[in-house]
Number of protein chains: 2
Amino acid sequence: MSDLLERLRGRGWRMTSQRRVVAEVLDGDHVHLTADEVHARAAQRLPEISRATVYNTLGELVSLGEVIEVATDGRAKRYDPNAHHPHQHLVCSRCGTVRDVHPTGDPLADLPTAERFGFMVSQAEVTYRGLCPSCA
Amino acid sequence: MSDLLERLRGRGWRMTSQRRVVAEVLDGDHVHLTADEVHARAAQRLPEISRATVYNTLGELVSLGEVIEVATDGRAKRYDPNAHHPHQHLVCSRCGTVRDVHPTGDPLADLPTAERFGFMVSQAEVTYRGLCPSCA
DNA sequence: TTCTTGACTTAGACTCCGTCCATCGTAGGA
DNA sequence: TCCTACGATGGACGGAGTCTAAGTCAAGAA
């Protein structure tokens, strides 16, 4: 994750303790935290950090393409740091748990030009839904 | 849409003017209204209708499988009455417009058992994103 | 090293979307 | 026609996220 900190510094980010802590919290595999969970974990290391800062930092990381926002349902968005390896998501309909998955095939290729209605289509997100082992 | 009203009556729905109006508002192709838009349109015909009733009725239609809930982004959910023809959605990243699309291929078949992690996977939603002709 | 400045952070008010609840109204069967 | 359980109402409530005004501080300049 120091890679990430380096990349951010290279993009002109002012490196503050808050940003460092948020980036560190997101470090790790297959972690899909909500903004509030990120805030709670960040606050363990930096008790004064505010919710607004966490939201700001997450938003910046998303717009830089370093983190992916996953809208699970009506619930809170989750943040996925695994942004540099293309993948899709498997969501538990009951508890909201998210896993990264790697389907075969390319969904973008499955959308014929006639079905694009003049849109400049740039992305296809696949969300698989079902019950996780604990909820089934 | 009188089909829909018939089906609902057949399922034991008490037919009230509010439910009738909500069902009628959702009538039509390729309409993807938010709950507030449904409420606004319903209120043109039935000014006293309450937001709670619109939410209740939409929720019932969704759980009966007559309408699909589309979570486009962080914004309000949209309601898609085209529930009896399998399809996916194409969303404009700028203005949020939604279109129904019909890709080839079956995304569920693209998820190998080894990538299901013990989930009982029942559904695959594909959301294509890009810019619509007006926003491009 | 100190100064300077504008980018960053903070707390809390606010908005938006949706749900809940107590009460009232009414569809439809007897 | 009457009854009653199902449905509607509207206002309070809650969670998630945004905004704002004021204070703070990282990092370049001198």
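Note that the coordinates shown come from a computational prediction; the quantities given were computed from them, not determined experimentally. Labels below follow one simple rule: chain letters A, B, ... track the order of the sequence lines, proteins then strands, and each chain is numbered from 1.
Side chain of His89(B) to main chain of Ala71(B): no donor-acceptor pair is present (N/O by atom type, distance under 3.5 Å, no hydrogens or angles). Between the side chain of Glu115(B) and the main chain of Pro112(B), no donor-acceptor pair closer than 3.5 Å is present. Between the side chain of Arg9(A) and the backbone N or O of Met15(A), no donor-acceptor pair lies under 3.5 Å. The closest donor-acceptor contact from the side chain of Arg19(A) to the backbone of Arg14(A) lies under 3.5 Å.
Between Glu69(A) atom CD and dG17(D) atom P the separation is 8 Å, expressed in whole Å. As rounded to whole Å, 15 Å separates atom P of dA26(D) from atom CG of Leu5(A). Taking atom CZ on Arg19(A) and atom P on dT24(D), their separation rounds to 19 Å, with Å as the unit. To the nearest angstrom, C1' of dT19(C) lies 9 Å from CG of Asn56(B). The separation between Met15(B) atom CE and dG28(C) atom P is 8 Å, rounded to whole Å. Rounded to whole angstrom, the span from the CD atom of Glu60(A) across to the P atom of dA7(C) amounts to 12 Å. Arg20(B) has its CZ atom 11 Å from the P atom of dA8(D), to the nearest Å. To the nearest angstrom, C1' of dA26(D) lies 10 Å from CZ of Arg9(A).
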| task | Given salt bridge (charged side-chain N to carboxylate O under 4.0 Å, His left out), test Glu66(B) with Arg11(B) step by step and report yes or no. | result | CA-CA 12 Å; Glu66(B) 295 288 351; Arg11(B) 301 213 207 200; 3.2 Å; yes
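Among the atoms of the strands shown, only primed sugar atoms or phosphate atoms (P, OP1, OP2) are found under 4.0 Å from some heavy atom of Thr16(A).
Taking 3.5 Å as the limit, the base of dG17(D) and the side chain of Arg51(A) contain a donor-acceptor pair of atoms between them. For Arg14(B) and dC6(D), a side-chain-to-base donor-acceptor distance below 3.5 Å is present, hydrogens and geometry of angles not being considered.
Taking side-chain N and O atoms only, Tyr55(B) has a distance below 4.0 Å to OP1 or OP2 of dG18(C). OP1 or OP2 of dG10(D) has not a single side-chain nitrogen or oxygen of Ser50(B) nearer than 4.0 Å. An OP1 or OP2 oxygen of dC25(D) is reached within less than 4.0 angstrom by no side-chain nitrogen or oxygen of Gln18(A).
Side-chain contact annotation: His32(A) with Asp100(A), donor-acceptor N/O pair under 3.5 Å present.
Between Arg78(B) and Ser17(B), it is Arg78(B) whose nearest contact on DNA chain C lies nearer the 5' terminus.
Of the residues in residues 36-44 of chain B, not one places a heavy atom less than 4.0 Å from an atom of DNA chain D.
In the hydrophobic cluster analysis, where Ile, Leu, Val, Met, Phe, Trp and Tyr join through side-chain heavy atoms closer than 4.5 angstrom, Leu26(A) is grouped apart from Val70(A).
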